[in-house]
Amino acid sequence: MYVFPAIGLGAVLCKPEWITDTMIYAVAKALANSRNKEEKEGDELYPRIERIREVSAQLAAAFISQAVSEGLVTDKHWVNIVNANRPKEKTCNNDVQQQKQQKPSDANAIDGKFSKRVLGEVRTLMWHPAATVEQYIVESITNINADEM
């Protein structure tokens with residue numbers, strides 16, 4: 001109920017060359033991370049249905065972020081947003097030592113996380129569809145031109 005619409009939305013927005021198992025896994029991790037404090041305290045397995053639109057935006061953002069990480073996104077708008085808003089790597093000595101001790105598979109762990117900027121962009125496109133085809137074309141050209149600057 002939660003993951004498939006988000007996978008579809010993420011795929012429509014970022015236009016990946018193909019959908020990988022790791023993209024789906026990132027969405028599943030994001031779903032697990034999306035429960036709020038109340039839902040966790042109530043031992044609920046999934047977020048409440050009243051939050052489905054918000055959770056869907058979060059899951060689509062996780063899908064897009066993972067697709068960009070894999071280098072499969074064809075829409076450069078999303079590549080630019082995700083890459084410009086990646087979390088900074090920690091340089092604390094403890095973190096560096098822990099990173100060295102991690103197995104290679106752990107270093108590339110899929111966590112289903114995304115930036116607030118990516119989530120905001122997904123929300124904007126999800127909540128405010130173009131009223132007309134002409135409006136959509138104008139908005140798309142404006143976004144493309146903004147990315148090229």
message: Assess the residue pair K40 and E44 against the criterion (salt bridge (charged side-chain N to carboxylate O under 4.0 Å, His left out)); give the C-alpha distance rounded to whole Å, side-chain angles, the decisive distance to 0.1 Å, and a yes or no.
response: CA-CA 6 Å; K40 290 177 185 174; E44 296 179 35; over 6 Å; no
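The closest side-chain heavy-atom distance from R35 to V55 is not below 4.5 Å. A heavy-atom distance below 4.5 Å is found between the side chains of V122 and L13. Looking at T22 and Q66, their side chains come closer than 4.5 Å, going by heavy atoms from C-beta outward. In this structure, the side chains of F63 and I19 come closer than 4.5 Å at one or more pairs of heavy atoms. Residues L119 and R123 form a side-chain contact, since some pair of their non-hydrogen atoms from C-beta on lies under 4.5 Å apart. The side-chain heavy atoms of E121 and W78, taken from C-beta on, include a pair separated by under 4.5 Å.
Remark: N83 CG is packed, more than 12 non-hydrogen atoms of other residues, nucleotides or ligands lying under 6.0 Å away. Around atom NZ of K15, more than 12 heavy atoms belonging to other residues, nucleotides or ligands sit under 6.0 Å away.
Note that CG of N33 is 8.0 Å distant from CZ of F114, once rounded to the nearest 0.5 Å. E54 CD to N36 CG: the interatomic distance, rounded to the nearest 0.5 Å, is 10.5 Å. With values rounded to the nearest 0.5 angstrom, D43 atom CG is found 9.5 Å from E41 atom CD.
Using modelled atom types and a 3.5 Å distance limit, the side chains of E70 and T20 yield a donor-acceptor pair.
Side chain of Y2 to backbone of P47: a donor-acceptor contact under 3.5 angstrom is found. Remark: the backbone N or O of R48 is paired with a side-chain donor or acceptor of E39 at under 3.5 angstrom. In this structure, the side chain of R51 does not engage the main chain of S56 through any donor-acceptor pair within 3.5 Å. In this structure, the side chain of S65 does not engage the main chain of A62 through any donor-acceptor pair within 3.5 Å.
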